[in-house]
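Worksheet: the structure to be examined is printed underneath.
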Amino acid sequence: MININSPVEQLHFELFEQKKIQVFLKRDDLIHPFISGNKWRKLKYTLQDAVQKNKTHLVSFGGAYSNHLNALACAAATFGFKATAFVRGEEISNQMLALNKLWGMELIFVDRTAYKNKLELFEKHFSNDEKAYFIDEGGAGPFGAKGCEEIVTELTETYDKIFCAVGTATTLQGIAQAIKNNGLQTKAEGICVLKGAEGIDAHLKENELEDYYKIHHQFHEGGYAKTNPELLDFIKLFASKTGILLDQVYTAKMMKAVFTLAQQDYFEPNSKILCVHTGGLLGLLGVLK
Ligand SMILES: *Cc1c(COP(=O)(O)O)cnc(C)c1O
């Protein structure tokens with residue numbers, strides 16, 4: 001399996017010094033070059049479940065720039081599974097999809113209406129394939145959240161806040177669950193990268209995690225996968241000061257939000273803040289020129 005205990009590094013910026021806060025980054029982007037970040041964490045127990053159920057064909061879903069599909073395609077090749085992906089939208093080619101094909105993943109393009117009903121798509125194509133195993137978009141689900149609990153349980157220090165980007169809020173759920181299970185004083189704080197996604201945390205409420213997390217909805221920078229010159233400048237600044245790359249869809253929005261919150265004196269002096277670098281760097285292929 002993949003060695004998962006990712007390192008934590010302190011980020012040194014003048015702003016953090018001025019505000020008397022310590023900010024750290026958990027480098028889940030270093031877990032694996034392609035099966036990186038929270039996508040491996042979400043797949044870990046999902047793949048174990050597939051093996052237990054004797055399933056050898058992983059079937060999942062995503063957009064044409066899905067980090068989850070990249071991670072799944074590479075993981076399937078690494079661990080000897082067959083993989084098929086339903087890709088949302090009309091057939092296109094790009095570098096991320098080309099990598100998926102290189103890892104042997106079959107791609108089935110489906111229009112946006114058909115894509116909405118994932119279980120129906122799975123049934124329609126694979127009801128006769130007893131080896132087929134359904135994995136939800138983004139690796140969402142209970143096994144996904146369980147894997148993300150380890151972001152917290154493998155820490156050797158405590159923090160006042162743990163920040164992560166929020167897409168499906170599966171990662172945030174895992175972090176909040178681990179905080180609850182271990183009786184920590186930490187708060188999980190998510191930066192939502194989707195616009196108008198105020199109901200994204202329904203599954204956290206169902207799991208009675210209200211007291212352990214907060215989602216910020218003002219940092220989506222225009223909506224899912226939307227970028228702007230300031231965001232791209234931030235990526236450049238961060239890379240040039242730290243050597244660490246951020247992707248424009250998730251981690252840059254999370255990190256930029258933490259800078260903005262620090263500027264707004266959101267953090268009490270002497271706070272210790274951990275940001276999770278959830279990986280996804282291949283997404284940069286979509287914007288680099
Ligand atoms: C998928 C992804 C996320 C979103 O995680 P959720 O568990 O769906 O909220 C965050 N960061 C990166 C880099 C991702 O690829």
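Whatever order the structure lists ligands and atoms in, that order sets their numbers, starting from 1. Here the structure is a predicted model, which means the values were calculated and not measured.
Using 4.0 Å as the threshold, Ala169 has a heavy atom nearer than that to some atom of ligand 1.
Residue-ligand proximity, Asn67 to ligand 1, at heavy-atom distances under 4.0 Å covers atoms 14 (C), 15 (O). Near Val166, the atoms of ligand 1 lying under 4.0 angstrom from a non-hydrogen atom of the residue are 9 (O). Applying the 4.0 Å criterion to heavy atoms of Thr171 picks out, from ligand 1, the atoms 5 (O), 6 (P), 7 (O). Of all the atoms in ligand 1, the ones that sit under 4.0 Å from a non-hydrogen atom of Lys42 are 5 (O), 6 (P), 7 (O), 8 (O).
Aromatic ring centres of Tyr133 and Phe122: separated by at least 6.0 Å. Annotation: Phe86 is not in aromatic contact with Tyr115 [ring centroid separation under 6.0 Å not met].
At a threshold of 4.5 Å between non-hydrogen side-chain atoms, the residues Val51 and Phe81 count as touching. Side-chain atoms of Phe163 and Met255, non-hydrogen and from C-beta on, never get closer than 4.5 Å to each other.
Distances between N or O atoms of Asp247 and those of ligand 1 include no value under 3.5 Å.
Considering each of Thr168, Leu282, Leu172, the one bringing a non-hydrogen atom nearest atom 8 (O) of ligand 1 is Thr168.
With Phe126 as the aromatic partner, Lys118 does not meet the cation-pi criteria of under 6.0 angstrom to the ring centre and within 45 degrees of the ring axis.
At a heavy-atom distance under 4.0 Å, atoms from both the backbone and the side chain of Thr170 approach ligand 1.
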